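What you see is a predicted model; the values in this text were computed from it and never measured.
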Amino acid sequence: MWTENGRGANIDTHSNVSQTRWARLAADSRYAAEDLGAYEGSNTYDYGFYRPTQNSMMRFNDKPFNAPSREAIYKYVMQESEGPTWEYDYETFVAFDAKGREEFAAAFANASRGTTPAPSEVDEKSLPLPPVLVNGTWQDAVKNPTKIVYRH
């Protein structure tokens with residue numbers, strides 16, 4: 001069901017990366033810095049589902065989207081903007097995604113993969129905040145920002 005609707009590109013039941021939905025990206029040397037693999041724990045399950053990276057936006061909300069997620073976003077936006085005649089081309093995506101690869105690699109450049117800093121090492125301003133419901137549209141929220149205080 002997810003595949004038919006273009007969803008779940010970052011979730012798989014295979015522990016062998018060569019059998020995952022992101023196998024092509026994992027085998028592509030241009031994505032080597034993302035350390036794409038099959039990391040157990042995904043889709044709210046600890047076991048039996050695998051994710052492509054140890055950490056990314058989809059896990060802790062403190063890193064950029066990983067390559068399979070960026071690819072899925074790209075496909076969705078292009079299909080919506082270009083219409084039903086648009087056809088996906090892998091090399092066109094890879095060229096488009098050059099900046100995404102750089103940003104992902106830079107986010108991990110000074111930290112070891114799979115680790116989250118201890119609370120004492122985290123700058124409070126850099127912590128992801130929980131979602132906040134506001135009345136009105138996103139434009140109303142921009143005009144009247146809500147101050148959120150993070151408490152340890």
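For the pair H14 and Y50, the minimum side-chain heavy-atom distance is 4.5 Å or more. Side-chain contact between E71 and D97: absent, with no pair of heavy atoms (C-beta onward) separated by less than 4.5 Å. The shortest side-chain heavy-atom distance between N10 and S42 does not fall under the 4.5 Å cut-off.
Remark: R30 engages D28, E91 in a salt bridge (charged side-chain N to carboxylate O under 4.0 Å, His left out) (not counting sequence neighbours). In this structure, T13 has no side chain to side chain donor-acceptor pair (under 3.5 Å) partners at least two apart in sequence or on a different chain.
The main-chain N or O of V17 is never found under 3.5 Å from a side-chain atom of W22 such that the two would form a donor-acceptor pair. Of the possible donor and acceptor atoms, one in the side chain of R51 sits under 3.5 Å from a partner among the backbone N and O of E40.
Remark: the T20 side chain and the D12 side chain contain no N/O donor-acceptor pair separated by less than 3.5 Å.
Nearest heavy atom pair, residue P64 against residue E103, reads CG-O, 3.8 Å.
Other residues, nucleotides and ligands contribute more than 12 heavy atoms inside 6.0 Å of the OH atom of Y88.
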Which donor-acceptor pairs under 3.5 Å do the side chains of residues 78-87 make with protein atoms, sequence neighbours left out?
from	atom 1	to	atom 2	distance (Å)
S81	OG	V77	O	2.9
S81	OG	M78	O	3.4

- [ ] Quick one: do V94 and R101 satisfy side-chain contact (heavy atoms from CB on, under 4.5 Å)? Show the steps, please.
- [x] CA-CA 9 Å; V94 171; R101 291 191 307 273; 3.5 Å; yes

